[in-house]
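Whatever order the structure lists them in is the order used to number ligands and atoms, beginning at 1. Quick caveat: nothing in here was measured; it's all calculated off a predicted structure.
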Amino acid sequence: MAAKAVLTAPREDPWKVALEQFSVAADLLALKRGVREFLMQPKRELTVNFPVKMEDGSVRVFTGYRIHHSTVLGPTKGGIRYHPDVSLNEVRALAMLMTWKCAVVGLPYGGAKGGVVCNPKELSHEELERLTRRYATEIGILIGPESDIPAPDVGTTPQVMAWIMDTYSMHHGYSVPAVVTGKPIAIGGSAGRIEATGRGVTIVAREAARHLGMSLAGARVVVQGFGNVGSIAAQLLHEQGCRIVGVSDSSGGVYAEKGIDPRDLLRHKEQTGSVVGYRGSDAVTNDDLLELPCEILVPSALEGQITKDNASRIQARMIVEGANGPVTPEADEILRERKVFIVPDILANAGGVIVSYFEWVQDLQSFFWSEEEINERLERIMVRSFRDVLAASQEKKVDMRTGALVRAVGRVADALMTRGIYP
Ligand code: NAD
């Protein structure tokens, strides 16, 4: 069955976008040709086609991917996406972004990403479990606590991670909690992991506001996507005194000039399955939502949402990229000229992978930290990374995205040169 089509604008090829962004940083760093060519290619790519028994007795074949972009800085890390639009080029781009994301915040990881072309909303709980266990088995040749550690992304949950952990553990004959992160706490997950990405988004929004001399109190915020990242960012920004005026999910958006209580909206979503129809709000389309008057725009759904077609109508002073790749390069240029301050994805949404790293470290040492310790460590890394990227962008006289990429690509290139080329 076809997925519900929501956004009508054609999306740019995410891999092309990732390569364009990489090229800008590579030019600024004057990378040697060999280093540049090596970092432009994923290290390895796996495509799997696998059967799943459906509730009606039929068998459906699904396609999935797992891609390692780089192993230069350590084992690979990156989420698994379940979505009808998953494609090889999307997974490639997201794997490369993960390499830069880990590097920009100083984690000892390379980048990876995985995905299955499916609509999890159309699968029963049992179908989802069978699909997950089979996919985990198919990519079992790549994943492992020392080699590649998946995590949740769009359409996957802590429960999905639990099934992957269990499947991998069954194949090994003992429990291997460190094979995935974003697991439920009961089986080795970390305190604070669920909130981590949204919390990180909030920390950099606060730092960016401070840099711009803007107060968060009363600042109007629009959040696209009300899933893990968007709903937490909305709640924490609301707690910091922001006014959440617009929110959307895959079914549409809501707008209320006087502000929306994100916790109440979450209850509405839990009861009805969507933010649509929230009392006291006006309906808006996802396209209109992005153009609402606000100070802070937090795209937290999918990539390619802000394009050359709508960038000139964005009214936000600051965009904090909760999602990966929500702004296309052409839109980036328009927004730069319009002096919209963008906190780029690899920095803004790195909170998730930072606490995933904490989870992996805790699993490996079988010793767990309190939520307070996790949040303190997250805060320290996010603030340090924001300041580091701001300094890089000021040094090179470039925007924050280029500053972040220069820092990240520079670190991976340095490590590559230090390790040398085998043999
Ligand atoms: P999620 O599945 O929990 O939520 C996604 C939200 O986006 C849902 O509310 C969904 O309804 C909405 N959505 C889906 N398609 C949409 C569309 N076409 N238009 C508008 N809204 C749409 O996913 P998530 O974990 O919150 O991830 C969101 C984004 O953040 C993704 O780009 C993901 O790669 C990125 N990200 C997530 C994490 C994490 O820890 N979860 C970490 C870093 C980056």
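Taking 4.0 Å as the cut-off between side-chain N and carboxylate O, Glu303 and Lys113 do not count as a salt-bridged pair. The pair Arg267-Glu270 does not count as a salt bridge, with every side-chain nitrogen at least 4.0 angstrom from each carboxylate oxygen. Salt bridge present: Arg134 and Glu138 bring a charged side-chain N and a carboxylate O closer than 4.0 Å. With salt bridges taken as basic N to acidic carboxylate O contacts below 4.0 Å, one links Glu321 and Arg401.
Counting atoms of ligand 1 from 1 in the listed order, those under 4.0 Å from a heavy atom of Ala323 are 29 (C), 30 (O), 32 (O), 35 (C). Listed by number with element, the atoms of ligand 1 under 4.0 Å from a non-hydrogen atom of Asp249 are 9 (O), 11 (O), 20 (C), 21 (N), 22 (C). Atoms of ligand 1 found under 4.0 Å from any heavy atom of Gly225, numbered from 1 in the order shown, are 6 (C), 7 (O), 9 (O), 12 (C). Per-residue contacts place Asn286 under 4.0 angstrom from the following atoms of ligand 1 (heavy atoms of the residue considered): 19 (N), 20 (C).
Taken to the nearest 0.5 Å, the CZ atom of Arg387 stands 12.5 Å off from the CE atom of Met382. In this structure, the separation between OG1 on Thr157 and CG on Leu128 is 7.0 Å, given to the nearest 0.5 Å.
Ligand 1 lies less than 4.0 angstrom from a heavy atom belonging to Arg193. Remark: distances from the non-hydrogen atoms of Glu303 to ligand 1 are all 4.0 Å or more. For Lys269, the heavy-atom gap to ligand 1 drops under 4.0 angstrom.
Counting only non-hydrogen atoms, the option in Ser300, Pro152, Gly200, Ala196 that gets closest to atom 28 (C) of ligand 1 is Ser300. Checking Pro120, Gly227, Gly155, Ser231 against atom 2 (O) of ligand 1, the nearest heavy atom belongs to Gly155. Of all the listed residues (Gly352, Pro84, Gly322, Gly198), Gly322 holds the heavy atom that lies closest to atom 36 (N) of ligand 1. The residue among Thr156, Leu97, Thr197, Val229 with a heavy atom at the shortest distance from atom 26 (O) of ligand 1 is Val229.
Between Lys113 and ligand 1, no N or O atom pair is found at a separation short of 3.5 Å. Among the atoms of Gln305, none of the N or O lies under 3.5 angstrom from an N or O of ligand 1. Here's the thing with Leu302: none of its N/O atoms is less than 3.5 angstrom from an N/O atom of ligand 1. Checking only distances, Asn228 does come within under 3.5 Å of ligand 1, N or O to N or O. In terms of N/O distances under 3.5 Å, ligand 1 is approached by Arg81. In terms of polar-atom proximity, defined here as any N/O pair under 3.5 Å, Ser250 does make such a contact with ligand 1.
Taking the centre of each ring, Trp163 and His125 come in below the 6.0 Å mark.
If you run ring pair (Phe, Tyr, Trp, His ring centres under 6.0 Å) between His69 and each of Trp15, Trp100, Phe38, Phe22, only Trp100 comes through. Of the candidates Val389, Asp388, Ile346, Ile381, Ile381 is the only one forming a side-chain contact (heavy atoms from CB on, under 4.5 Å) with Val105.
When atom types are taken as modelled, the side chain of Glu359 and the backbone of Gly182 share a donor-acceptor pair closer than 3.5 angstrom.
In this structure, Leu73 places its CG atom where more than 12 heavy-atom neighbours from other residues, nucleotides or ligands lie under 6.0 Å away.
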